[in-house]
Amino acid sequence: MKRMVIGNWKMNLTLPEAMALAQGSIKAAEKCHGLEIAIAPSHVWLMPIKDSVRMLPPNFSLVSQAVSQWPEGAYTGDIAAKQLKGLVTYSLVGHSERRQYHHENGKVVSEQIKQLLNQGITPILCFGEMGQATQHTFPPQITIDLRHDLEGLKPEEIKQCIFAYEPLWAIGTGNPASPDYVAKAIVHVKNWVSEKYGVHVRIIYGGSVTEDNAGALGSIRELDGLLVGGASLQIKRFSQICSDFCSIV
């Protein structure tokens, strides 16, 4: 499978700004055939963006920033997985901001994953430790949290998820994890998932990803992609990240 770069726009951009950035991101995808490029706009911009393009490049996808744990019902403001079907290929779950501001715990995350898989949408499960590891072993919390997120899921369901390693101490701080640290974390988690559930999973990295470190991160053999935050809001920066990461593929 192709490596990927996802731009998470979070709660930013007006419609004209979103349309312009989407067009620029599509052009980046057309230049990087060996890479899958995806964007996660606000929910209100998903349909306008999709409708504005007659044919999306085969290596370009749309991503939902969040999804409800419930299939339907009286849940004002929520968006069900079946409402996203046919509109997005992926959906973020368990992002640190959703956990912090919307109190989405492991039980909620596991239900969200089930809802997405039922609709053929690939979950991107975000996880990461609070503090940087100072020794050769990673904090136990990193796998304790994942165990809660994956509770009740079958190995074949876990295998369909993409994992997004986002150490909380690196998100939005301008202090990204070093490539060596990322490599060790990814191997640690991949081995843990393999030993506990008997499956291999793809893992991407997010946390202060910029055009300055995309190339170095791309050199990590075990890394399957990038999840880009603030830098994805500027097409020049996002295109450079994609180009640098693509050049290593």
Side-chain angles (χ1 to χ4, degrees), residues 1-6 8 36 38 40 61 63-71 81-82 84-85 88-96 98-99 103-133 135-168 170-171 177 180-207 217 220-227:
M1 298 181 70
K2 292 181 179 179
R3 297 172 106 187
M4 64 193 315
V5 175
I6 302 172
N8 179 15
E36 181 174 7
S61 302
V63 183
S64 171
Q65 293 185 19
V67 68
S68 176
Q69 69 190 94
W70 295 290
K82 69 179 182 179
L84 295 168
K85 185 175 183 178
V88 302
T89 304
Y90 306 98
S91 178
L92 301 179
V93 294
H95 193 281
S96 60
R98 299 294 303 183
R99 295 181 194 262
H103 312 292
E104 294 181 351
N105 56 24
K107 183 178 180 180
V108 171
V109 169
S110 64
E111 289 299 324
Q112 292 170 333
I113 290 173
K114 292 176 186 177
Q115 294 296 330
L116 290 167
L117 292 177
N118 286 340
Q119 300 301 327
I121 300 171
T122 299
I124 299 175
L125 172 57
C126 303
F127 71 98
E129 74 277 16
M130 290 288 294
Q132 187 171 5
Q135 300 177 345
H136 296 296
T137 58
F138 283 85
Q141 196 64 39
I142 195 172
T143 49
I144 291 174
D145 290 343
L146 275 175
R147 189 162 61 245
H148 291 313
D149 295 339
L150 301 175
E151 188 172 354
L153 296 176
K154 300 175 182 177
E156 56 265 32
E157 293 174 320
I158 296 171
K159 186 178 181 180
Q160 295 178 63
C161 299
I162 294 174
F163 286 49
Y165 173 55
E166 290 197 300
L168 273 67
I171 298 175
D180 182 61
Y181 188 97
V182 173
K184 289 178 180 177
I186 289 175
V187 170
H188 172 71
V189 174
K190 284 189 175 185
N191 288 342
W192 177 81
V193 173
S194 178
E195 292 170 4
K196 185 169 180 61
Y197 301 101
V199 296
H200 173 77
V201 294
R202 301 174 70 200
I203 301 184
I204 63 178
Y205 170 76
L217 290 167
I220 302 173
R221 183 172 55 86
E222 299 84 1
L223 183 63
D224 297 297
L226 300 174
L227 180 57

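Please read these numbers as outputs of a predicted model, since none were measured by experiment.
- At least one donor-acceptor pair under 3.5 Å links the side chain of Q112 to the backbone N or O of V67.
- To the nearest 0.5 angstrom, L150 atom CG is 4.5 Å from Y197 atom OH.
- Between K190 and D224 there is a side-chain heavy-atom pair separated by less than 4.5 Å.
- The closest side-chain heavy-atom distance from I6 to L227 is below 4.5 Å.
- Atom CD of E151 has 12 or fewer neighbouring heavy atoms from other residues, nucleotides or ligands inside a 6.0 Å radius.
- Taking 4.5 Å as the limit, every side-chain heavy atom of N105 sits out of range of all side-chain heavy atoms of H148.
- Here the straight-line distance linking atom CG of L116 with atom OG of S68 works out to 10.0 Å at 0.5 Å rounding.
- In terms of heavy-atom proximity, L168 sits nearest to G128 at CD1-O, 3.5 Å.
- Dense packing is recorded around NZ of K2, with more than 12 heavy atoms of other residues, nucleotides or ligands lying under 6.0 Å away.
- Between F127 and Y165, the ring planes are tilted. Angles from 30° to 60° get that label.
- Here the closest non-hydrogen pair linking I124 and A164 is CG2-CB, 3.8 Å.
- In this structure, the side chains of N118 and P71 stay at 4.5 Å or more apart for every pair of heavy atoms.
- In this structure, K196 contributes its side chain and R147 its backbone to no donor-acceptor pair below 3.5 Å.
- The CG atom of L84 lies 11.0 Å from the CD atom of Q115; values are rounded to the nearest 0.5 Å.
- For the atom pair CD1 (I203) and CD (E222), the distance works out to 10.0 Å, reported to the nearest 0.5 Å.
- Counting all heavy atoms, side chain and backbone alike, V199 lies closest to P155 at CG1-O, 3.5 Å.
- Between L153 and E157 the shortest heavy-atom distance is CA-OE1, 3.3 Å.
- Between K159 and V201 the shortest heavy-atom distance is CA-CG1, 4.5 Å.
- The CD atom of E111 sits 12.5 Å away from the CD atom of E104 when rounded to the nearest 0.5 Å.
- Salt bridge annotation for D145-R99: absent, with no cationic side-chain nitrogen under 4.0 angstrom from a carboxylate oxygen.
- Residues F163 and L146 meet the side-chain proximity criterion, which asks for heavy atoms closer than 4.5 Å.
- At distances below 3.5 Å, at least one donor-acceptor pair connects side-chain atoms of Q65 with backbone N or O atoms of A40.
- In this structure, I162 CD1 and L92 CG are separated by 10.5 Å, a value rounded to the nearest 0.5 Å.
- For the residue pair A177 and V182, the shortest heavy atom distance occurs at CB-CG2, 3.7 Å.
- In this structure the side chain of E166 reaches within 4.5 angstrom of the side chain of H95, judged on heavy atoms.
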Report task. Check step by step if side-chain contact (heavy atoms from CB on, under 4.5 Å) holds for T143 and H188. Result -> CA-CA 9 Å; T143 49; H188 172 71; 4.0 Å; yes
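- With hydrogens and angles disregarded, a donor-acceptor distance shorter than 3.5 Å links the side chain of R3 to the backbone of L223.
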